[in-house]
Amino acid sequence: MSEMTEPHPESHRDDREQQSYDVHATEAKWQPVWEELDPFRADDDSPREKRYALTMFPYPSGDLHMGHAEVTALHDVIARYWWQRGYEVLNPIGWDSFGLPAENAAIQRNEHPATYTYANIETQAASFKKYAVSFDWSRRLHTSDPEYYRWTQWLFLKLRERGLAYRKSSPVNWCPNDQTVLANEQVVDGFCERCGAEVTKRELTQWYFKVTDYAQRLLDDMEGLDWPERVLTLQRNWIGRSEGAHVDFDVATDGGGSRSVSVYTTRPDTLFGATFMVVAADAKLAEEIVSDEQRPTYEDYLAETRKASDIDRMATDRPKTGVFLGAYAVNPVNGESVPVWASDYVLADYGTGAIMAVPGQDQRDWDFAEEYDLPVIRTVQPPEGWEGEAYTGAGPAINSANESVSLDGLEIDDAKRAIIDYLEQQGTGRGAVNFRLRDWLLSRQRFWGCPIPVIHCPVDGEVDVPEDQLPVVLPELKGADLKPKGVSPLAAAEDWVNVECPKCGGPAKRDSDTMDTFVDSSWYFLRYCSPHDDTQAFDEDKVRLWMPVEQYVGGVEHAVLHLMYSRFFTKVLFDMGMVDFTEPFTALLNQGVVINQGKKMSKSLGNGVSLGEQLADFGVDAVRLTLVFAGPPEDNIDWADMSPAGSLRFLQRAWRLSGDVASAPGTSPEGGDVALRKVTHHTLHDAAELVESHRFNVMVARTMELVNATRKAIDSGCGPEDPAVREAAEAVAILLSLVAPYTAEEMWERMGHQPTVARAGWPTVDEALLVEDSVTAVVQVQGKLRARLEVSPDISDADLEAAALADESVQRALEGRQVRKVIVRAPKLVNVVVG
RNA sequence: GCGCCCGUAGCCCAAUUGGUAGAGGCACCAGGUUUAGGUCCUGGCCAGUGCGAGUUCGAGUCUCGCCGGGCGUACCA
């Protein structure tokens, strides 16, 4: 060949180099272009249908890591897909920038928490930009900005106005390390969710949000949510609705008097078997009814209980302990006088803090009765030969009758109804619903959070900071001023804490606690709709435009905390008439976790994978592609199993197609190679469904298939001039624009187009090209594959059956056997059943 | 202990309402290209779906039991 002797200066000399592109140069090339074009700015006034795609906003701790890379890569597939499909997409970004780590860092470095916080935010923002996420940067917000937390404070006052924010004294979770109280949700197995210290109890007056008022609605409204079943279950368990009854017992006390004590039970049908009562040792009730004689014993026990940590209390096989209170309760159905005990196995803050103990039907009560030799009456007939202890299963009631009512013979549900009717008639009890959910404790004794906009006045009590004085801005404290001392550092900021009472003008003090950062994140999705509005928390019209969030993406670790609180806030705002929906997040996707070598990445294991290094080695696109292709989005990704090098190879392979396309831009694909066109249109059609059903990994696989088919068409098929090749390569670029924006843009440009491919639009799928000329039908005899037939896709059952039975190898298989039945599923399958 | 989810090639993973077990990738092997390595192109190897039963003409898919792994929960009366 002449080229061998005289190489063509352009096409062959640098052949090797020309077959790949410089990943980092490409990144540097497009970033400023996109910055300029700003293709993902969500326009409120766009006539396009609006969609809200939201990823849980990050906490600014250091730079982005693999976890951020994964969740944004997955989330971005959806957002970018929506843009391509013609929606106006709101995909905002911001930072959940209040919180303890910044405060701890500030103490260490003797600076203000804002320094650390905003430096990290800048780092992360730059990384996100390089990572090419389709965020609308114009809506960026930080919860620690006074412009934001002013409205957090405003919302707090609105909740207070409605009686949903209140103060009470109660034993609360206390983290001795962080020196602050914690919500129940932040205590995991008795340890501080954040720092791992063992949590203790303290009696403190704190602010609460009345989430319990919304318990039933939080439960009911889950019906319509397109959320992972796992998360819904977690929330249901957390809300913990149970049905039962309150039963009133008269308790005789020392002085000869008596008082009524109500207990909550889910098994009122077993009331005849209540042989003693147990009161939570740390409930006020116990202290009130204990006899003088038993008081010293009780007080010793109480002291011991208080000492025990939650961990000790939660040990499963721990023997039951308790003390007799010297009081007796009268069972309202049979007049029996039963002893009242105190124990730590009853919780003060659940139900009424007192229970009727039915050892025959409750294992915990049985254990206690065993320990203290208390009587047992069975009220449900256990099965024959039952030798167990408490019997909690189904069965007819026994030993459950008095002069006016009998439950005997009734199954549990009927017995419950009957006894509740009776108690209600007698006025000694009533049906009741109870929830495990507690009110949300929102006070925190720390500095770097949203100040609670309340002033405590010796004359007027708790006084709201007037709206026109919001925000209550944090004072300039730093370093040692922030050291935890058990009270908020704000309390020591004299200039800040001492104010005039807005009502009487007298000396008063600001509330020196700050809010749980989950308050900040309970409404940020609303703020994104009008992030710069300095006249209101959010513009109701803009919210109507965008909300609710159509797709929320984030980690499952927020299943009960953030998601429950956000749902609560939304319902409150609905009741206030400020929003017209009751659920903020229509659909939720929980991504898996990136692990390494089968284990969670951690410093101690030394198995951490640095996102920065991966990006440096393989580039943004290859890392994103790897994360998206790894498997179903909700599965964990073991980085050790992944091949970013392979991803990069694929991207280069795809990119190479764009250089081979030899037809002019805008060439009509009509008349191009039909086989390739079919692959292209099938791929586009299926890819849409795959993205919508979140099977992104399969979508990528299908894109690879299209790349392979196009390669083949160029090298050994219709050739690079065929317009079908252009159509296919452009489809590849558009598909890749969801996952690998740099490669896609580079391809787009090479094929003669202007940026940006991200907004090029999804090609129209030609239905005619989806129809196959023939399909393979399989013929089975007794379920075994005997023949394959090429048939028309619209062949009739009868024709297919005839063709199948006429087939030689089928005939052979049928030889000497009687055809009993033929199952035909045209056009794919025939199964011949022989006798 | 209780509840939920998952077990498909050496590895990561695909597989409409039950209907040909294999789409894609990694790793490996061979051939071609290349001065060589890598790249690139072509081809190939590899499981009968954790185990056992059941339903069915037909089961990776449905049912039951076991084994293995993961997640949640744990005195909430």
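A search for side-chain contact (heavy atoms from CB on, under 4.5 Å) contacts involving A:Ala394 returns A:Glu411, not counting sequence neighbours.
Comparing B:rC67 with B:rC75, their C1' atoms sit 31 Å apart, to the nearest whole Å. Annotation: B:rC71 and B:rG65 have their C1' atoms spaced 23 Å apart (nearest Å). Going from the P atom of B:rG70 to that of B:rC26 covers 29 Å, rounded to whole Å. Nucleotides B:rG7 and B:rC66 are separated by 14 Å at their C1' atoms, to the nearest Å. Comparing B:rG18 with B:rG58, their P atoms are spaced 15 Å from each other, to the whole Å. Atom C1' of B:rU39 sits at a distance of 26 Å from the matching atom of B:rC46, rounded to the whole Å. Of the P atoms belonging to B:rG60 and B:rG69, the separation is 25 Å, rounded to the nearest Å. The same atom, C1', is picked in B:rC29 and in B:rA9; the two are 16 Å apart, to the nearest Å.
Base orientation of B:rG48: syn, the glycosidic angle falling within 90° of 0.
The distance between atom CZ of A:Arg236 and atom C1' of B:rU73, rounded to the nearest whole Å, is 15 Å. One interatomic measurement links the two molecules: CD of A:Gln652 to P of B:rG25, which rounds to 16 Å at whole-angstrom precision. Residue A:Gln591 contributes atom CD, which lies 16 Å from atom P of B:rC71 at whole-angstrom precision. Atoms CG (A:Asn831) and P (B:rG18) sit 16 Å apart, rounded to a whole Å. Going from atom CG of A:Leu785 over to atom P of B:rA59 covers 14 Å, rounded to whole Å. Distance A:Asp686 CG to B:rA15 P: 12 Å, rounded to the nearest Å. B:rG72 atom P lies 12 Å from atom CG of A:Asn590, rounded to whole Å. Taking atom CG of residue A:Asp349 and atom P of nucleotide B:rC75, one finds them 12 Å apart after rounding to whole Å.
In this structure, A:Val725 and A:Gly719 approach most closely via the heavy-atom pair CG2-O, 3.3 Å.
For A:Trp341 and A:Phe276, the ring centers sit 6.0 Å or farther from each other.
With distances taken from any side-chain atom of A:Val833 to the nucleotides B:rA77, B:rC40, B:rC57, the minimum falls on B:rC57. With distances taken from any side-chain atom of A:Leu829 to the nucleotides B:rG19, B:rC57, B:rA23, the minimum falls on B:rG19. Distances were taken from every side-chain heavy atom of A:Ile355 (C-beta onward) to each of B:rG19, B:rC57, B:rA77; the shortest belongs to B:rA77. Closest approach to the A:Asn708 side chain among B:rG25, B:rC75, B:rC40 is made by B:rG25 (side chain taken as heavy atoms from C-beta onward). Closest to the A:Lys712 side chain, of the nucleotides B:rG43, B:rA27, B:rG25, is B:rG43. Checked against B:rG24, B:rC41, B:rU39, the side chain of A:Glu705 finds its nearest nucleotide in B:rG24. Checking B:rG24, B:rC75, B:rC40 against the side-chain heavy atoms of A:Tyr345 singles out B:rC75 as nearest. For A:Arg711, the side-chain atoms get nearest to B:rC41 when compared with the rest of B:rC75, B:rC41, B:rG58. Ranking B:rA23, B:rA74, B:rA27 by closeness to the A:Ala701 side chain, first place goes to B:rA23. Nearest nucleotide to the side chain of A:Arg653, out of B:rC41, B:rA77, B:rA23: B:rC41.
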* Does the pair A:Asp686 and A:Arg702 meet the rule for a salt bridge (charged side-chain N to carboxylate O under 4.0 Å, His left out), with working shown? -> CA-CA 8 Å; A:Asp686 295 353; A:Arg702 298 299 304 276; 2.8 Å; yes
* Asked: What do the steps show when you test A:Thr379 against A:Gln361 for side-chain hydrogen bond (donor to acceptor under 3.5 Å, both in side chains), and what is the final call?
  -> CA-CA 8 Å; A:Thr379 56; A:Gln361 267 72 233; 2.7 Å; yes
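Distance alone, capped at 3.5 Å, is enough to place a donor-acceptor pair between the A:Ser343 side chain and the A:Thr321 backbone. With A:Asp660 contributing its side chain and A:Ile714 its backbone, the two residues share no donor-acceptor pair below 3.5 Å. With A:Gln591 contributing its side chain and A:Leu74 its backbone, the two residues share no donor-acceptor pair below 3.5 Å. Panel note: side chain A:Asp365, backbone A:Val358; a donor-acceptor pair is recorded below 3.5 Å. Panel note: side chain A:Asp638, backbone A:Gly598; a donor-acceptor pair is recorded below 3.5 Å.
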Short heteroatom pairs, N/O only, protein and nucleotides 9-14 of chain B, under 3.5 Å:
residue, atom, partner, partner atom, Å
B:rC12, O2', A:Ala630, O, 3.1
B:rC13, O3', A:Asn697, ND2, 3.4
B:rA14, OP1, A:Asn697, ND2, 3.4

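Residue A:Thr265 is in sugar-phosphate contact alone, with no base atom involved, counting any heavy-atom pair closer than 4.0 Å across all strands shown. As judged by a 4.0 angstrom heavy-atom cut-off over every strand, A:Arg649 is placed among residues touching the sugar-phosphate backbone only. Looking at heavy-atom distances under 4.0 Å, A:Gln363 makes no contact with the nucleic acid at all.
A cation-pi arrangement is absent between A:Lys320 and A:Phe368 under the rule of less than 6.0 angstrom and at most 45 degrees off the ring axis.
Across all strands shown, nothing is found opposite B:rG48 as a Watson-Crick or G-U wobble partner with both distances under 3.5 Å. Base pairing of B:rC26: its partner is B:rG10, meeting the Watson-Crick or G-U wobble criterion (both donor-acceptor distances under 3.5 Å). Across all strands shown, B:rA53 pairs with B:rU63; the Watson-Crick or G-U wobble distances both stay below 3.5 Å. Nucleotide B:rG72 has B:rC2 as its partner under the Watson-Crick or G-U criteria, with both atom distances under 3.5 Å. B:rG31 and B:rC41 make up a base pair, with Watson-Crick or G-U wobble contacts both under 3.5 Å.
Between A:Asp362 and A:Phe650, the residue anchored nearer the 5' end of RNA chain B, judged by the nucleotide with its closest heavy atom, is A:Phe650. In this structure, A:Val700 and A:Arg825 both approach RNA chain B, and ranking their closest nucleotides by distance from the 5' end singles out A:Arg825.
The phosphate of B:rA77 has OP1 or OP2 within less than 4.0 Å of a side-chain N or O from A:Ser242. For A:Arg230 and B:rC6, the shortest distance from a side-chain N or O to OP1 or OP2 is not below 4.0 Å.
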